[in-house]
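What follows is a single structure, written as structure tokens, with notes after it.
Every chain is numbered from 1 and lettered A, B, ... according to where its sequence line falls, protein lines coming before strand lines. Remember, predicted model here, so these are calculated numbers, not experimental data.
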Protein chains: 2
Amino acid sequence: MKRGEKTRQKILDSAEKLFAKRGYHGVTIRQITEDAKVDTALANYHFGSKRNLFDAVLLRRAEELNKVRLEKLEEIEAAAENGVASLEDIIDAFSHPLLDRSERGGPGWKSYFALIAQINNSPEWGGKLMTEYFDPLVRRFIAALKRALPEAHEEDIYWSYHFFSGALVLTYAETGRIDNLSDGKVHSSDLDAVQLRMPPFIAAGFRRLCETSGPKS
Amino acid sequence: MKRGEKTRQKILDSAEKLFAKRGYHGVTIRQITEDAKVDTALANYHFGSKRNLFDAVLLRRAEELNKVRLEKLEEIEAAAENGVASLEDIIDAFSHPLLDRSERGGPGWKSYFALIAQINNSPEWGGKLMTEYFDPLVRRFIAALKRALPEAHEEDIYWSYHFFSGALVLTYAETGRIDNLSDGKVHSSDLDAVQLRMPPFIAAGFRRLCETSGPKS
DNA sequence: AATGAAATTCAATGAACGTTGAAATAAGTT
DNA sequence: AACTTATTTCAACGTTCATTGAATTTCATT
């Protein structure tokens, strides 16, 4: 490990945690460096600017994420006899790596997903930043979905994916709202419960929309 | 209209627009009052504090929204012969008032929904604020869903609603990401296309999850 | 041990922040 | 027209912001 690397990682960890809680504008460099127990000036020394630090936080885990999701997709396609994976498997390959890391990857991953959930729905970052980090992978998944639903109109695939994406992102936002709504009968932190339910729910939606002629039927 | 009411509304309009674009912490009182073309001090004079102004923005349209959504639900329940509305109708009653106002209600409504989408997925506001403004209505809808799916386990209803909610919220966030992904084949601003597809997609998910014994089948 | 670069500390910068009090203006009431 | 109250303007408050330059310390390499 290089000389300043421990400091760099401590700053990234604190930035990740605080950005996840209050967003980019809701956190100051001073709060981050105080949480990391390092001098205020070190954030700018290591990352150049607050905005660069934000990008570094997003990038750090995005690469691993994209890699493992792609591997999972290729795996299930290789296992399918005709090279076309099932809808349920595609949905699982897309969501499982995220939910699994949020559930069992430690607090850093949990913060990371909370941050992604937040910026995903914001006009300031949602379009540009998310596109930059995740679109190549998503395009690959959509290609798989098209093969799994060969009769589908393209628009129905895109809207179905869009619904899927929204459901998934709200899940790992873990705002706890469903806990209140259900009076404690379900817990937003119980991502294993989601893993069980997301593929059948979403796959059924895809089939209803994409296997019939047009959205009305 | 009372004396300062025009100023109040101009401040609310500008605050709504700017908060939607960059979030609570990303906007300053000075930017808001400059956009509204009023003196800086007037925001504090009329609303007391920045935070109170934020709440006032959220509250302004929430009441109308809750009212019309509840009316729609009661309407379809009254029209159903046994008082139990269909899944598709419930989903439509929940989402249509939102999507319709975002599409045809003018730029203020569009900003409002973008703002709601943003804070819905944030830990800072998502749990507490959303609960405060919308939970009573959501509980009413969940009761209707339970009646439409009498065999369902409660947990499956809550998780299905959760997926529904995530899909809906991402829709009216309108970040434009789906536009890029589809190379312009679909447009995130085409909410009529969503109105057509959301009820069948979501209803199929509900049925798959809630009409079978457990999530695995 | 000496050297030199990298990392860290310290103090300070100018700018912008939310908020406020006092003065000025506008409008409704008598 | 005089009075009263609500609204608006103006200037400033103290605080905090991201960032920086210079001084100091740390550490790997000689």
Could I get a table of every N or O pair under 3.5 Å where one atom is in the protein and the other is in nucleotides 26-30 of chain D?
| unit_1 | atom_1 | unit_2 | atom_2 | d |
| --- | --- | --- | --- | --- |
| D/dT26 | O2 | A/Arg3 | NH1 | 3.2 |
| D/dT26 | O2 | A/Arg3 | NH2 | 3.3 |

Report each atom pair, protein N/O against N/O of nucleotides 18-22 of chain C, whose distance is under 3.5 angstrom.
| unit_1 | atom_1 | unit_2 | atom_2 | d |
| --- | --- | --- | --- | --- |
| C/dG18 | OP1 | B/Ile29 | N | 3.3 |
| C/dG18 | OP1 | B/Lys50 | NZ | 3.3 |
| C/dG18 | OP2 | B/Ile29 | N | 3.0 |
| C/dG18 | N7 | B/Arg30 | NH1 | 2.6 |
| C/dG18 | O6 | B/Arg30 | NH2 | 3.4 |
| C/dT19 | OP2 | B/Asn44 | OD1 | 3.1 |
| C/dT19 | OP2 | B/Lys50 | N | 2.9 |

Query - A/Lys128 atom NZ: more than 12 heavy-atom contacts under 6.0 Å - result: no
Report task. Could you check how far NZ of B/Lys10 sits from C1' of D/dT8, rounded to whole Å? Result -> 12 Å
Query raised in the report: To the nearest Å, how far apart are A/Leu42 CG and D/dG21 C1'?
Result: 15 Å
Query - B/Arg22 CZ - C/dA16 P separation (whole Å) - result: 14 Å
Query raised in the report: Rounded to whole angstrom units, what separation is found between the OH atom of A/Tyr24 and the C1' atom of D/dC17?
Result: 12 Å
Query - Quiz item: cation-pi between A/Lys110 and A/Tyr172, 6.0 Å / 45° - result: no
Query raised in the report: In terms of side-chain geometry, is the basic nitrogen of A/Arg8 or A/Asp13 positioned less than 4.0 Å from the acidic oxygen of its partner?
Result: no
Query raised in the report: A/Gln118 side chain to A/Ala20 main-chain N or O, any donor-acceptor pair under 3.5 Å?
Result: yes
Report summary line: Taken to the nearest whole Å, NE2/A/His46 to C1'/D/dA18 is 17 Å
Report task. Rounded to the nearest 0.5 Å, what's the gap from CD1 on B/Ile32 to CG on B/Asp35? Could you check? Result -> 8.5 Å
Query raised in the report: In whole angstrom, what separates A/Lys37's NZ from C/dT9's C1'?
Result: 18 Å
Query raised in the report: In whole Å, what is the span from the CD atom of B/Glu34 to the C1' atom of D/dT9?
Result: 16 Å
**Report entry** Within 45° cone of A/Phe94 ring axis and under 6.0 Å: A/Arg69 NZ or CZ
**Finding:** yes
Query raised in the report: Is any side-chain nitrogen or oxygen of A/His25 closer than 4.0 Å to OP1 or OP2 of D/dC17?
Result: no
Query raised in the report: Do A/Phe54 and A/Trp125 make the cut of ring centroids closer than 6.0 angstrom?
Result: yes
**Report entry** Flag side-chain contact, heavy atom, 4.5 Å: B/Asp183 against A/Glu154
**Finding:** no
**Report entry** Between C1' of C/dT8 and NZ of A/Lys2, the distance in whole Å
**Finding:** 16 Å
Report summary line: Taking every heavy atom of A/Glu77 against every heavy atom of A/Ala85, the minimum-distance pair comes out as CG-CB, 4.1 Å
